[in-house]
Amino acid sequence: MMRAALAIIRRDLAVFARAGGGLVLAPGFFALVATLFPLALNPEPGILRLLAPAVVWVAGVLAVLMSLERIFGEDIEDGSLDGLALSALPLELAVLAKALAHLLAFGLPLVALAPLVALAYRLDGAATLGLVVALLAGLPALTLIGMLGAALTAGLRRAGALVALIVVPLELPVLIFGVWSAAAAGPEAAAGLAYLGLFSLAALLVVPWVAAAVLRLVLE
């Protein structure tokens, strides 16, 4: 099973790399949106530091959203989703492997770019570290919730807007606690991180099974 899951991860990374814009599009969008705000507004440094967590998290959510349509689209078109459903690997674990591939392809680059984005907001080391840790804790939840939206719209053409309408309300709690955790310090930041961890754990325990059930209905 582990070998089959690794094969899915490698295949999805290759698909993401050769798709239009590849692995650069979503991280580039994230960096562009996040750095446009300080350039356009040019506010005082204190206001910049106040805006940073919200702008970075909103840019992160948008970057994840724009990459969701690819998760199952390629599998539907080439029929490999039928193969996954009939393989020895449970479809739930296949969904989990695809979520991990998406997180590696699009989530980790956002985390890697966050310190560079923080420079535009003149964040100090502690604030930058808080932002990075909050993204690390919350991005698994954003990715898994996005997988659910992608499963619900699998097979539909140009479903990007529909995925956003489904996913954004579900991701609002993650966004709120992510901004809170990145903006706070001390016990409040720790509490925010704990909530983000709980959201990611809950999504890990629920989404693969729900998404797999939805995909089986799509294939019928």
Could you measure the distance from the [atom1] atom of [X] to the [atom2] atom of [Y]? Nearest 0.5 Å is fine.
X: L204; Y: F199; atom1: CG; atom2: CZ; result: 15.0 Å
X: L123; Y: L129; atom1: CG; atom2: CG; result: 11.5 Å
X: T143; Y: L104; atom1: OG1; atom2: CG; result: 9.5 Å
X: Y121; Y: L50; atom1: OH; atom2: CG; result: 11.5 Å
X: L144; Y: L139; atom1: CG; atom2: CG; result: 11.0 Å
X: E171; Y: I145; atom1: CD; atom2: CD1; result: 5.0 Å

Specify the closest pair of heavy atoms between [X] and [Y], including all atoms of both residues, with the distance to one decimal.
X: P109; Y: P27; value: CB-CG, 3.6 Å
X: S181; Y: L196; value: CB-CD1, 4.2 Å
X: L131; Y: P53; value: CD1-CA, 4.3 Å
X: L13; Y: A105; value: CD2-CB, 3.8 Å

Establish whether V214 and L162 are linked, either directly or via other cluster members, by ILVMFWY side-chain heavy-atom contacts under 4.5 Å.
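As far as the 4.5 Å side-chain criterion goes, L162 and V214 are connected within one cluster.
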
Run I8 and L89 through side-chain contact (heavy atoms from CB on, under 4.5 Å) and show every step you take.
CA-CA 10 Å; I8 292 172; L89 184 70; 3.5 Å; yes

Does L110 form a side-chain contact (heavy atoms from CB on, under 4.5 Å) with L135? I'd like the steps, not just the answer.
CA-CA 8 Å; L110 301 192; L135 287 171; 5.6 Å; no

Do L142 and W57 pass the side-chain contact (heavy atoms from CB on, under 4.5 Å) test, and can you show the C-alpha distance, the side-chain angles, and the key distance before you say yes or no?
CA-CA 11 Å; L142 292 182; W57 265 90; 3.8 Å; yes

Please confirm whether the backbone N or O of A137 pairs with a side-chain atom of S200, one donor and one acceptor, at under 3.5 Å?
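Yes, the answer is positive, given that a donor and an acceptor are paired below the 3.5 Å cut-off.
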
Evaluate side-chain contact (heavy atoms from CB on, under 4.5 Å) for F106 paired with F30, printing each intermediate quantity in order.
CA-CA 10 Å; F106 300 106; F30 165 75; over 6 Å; no

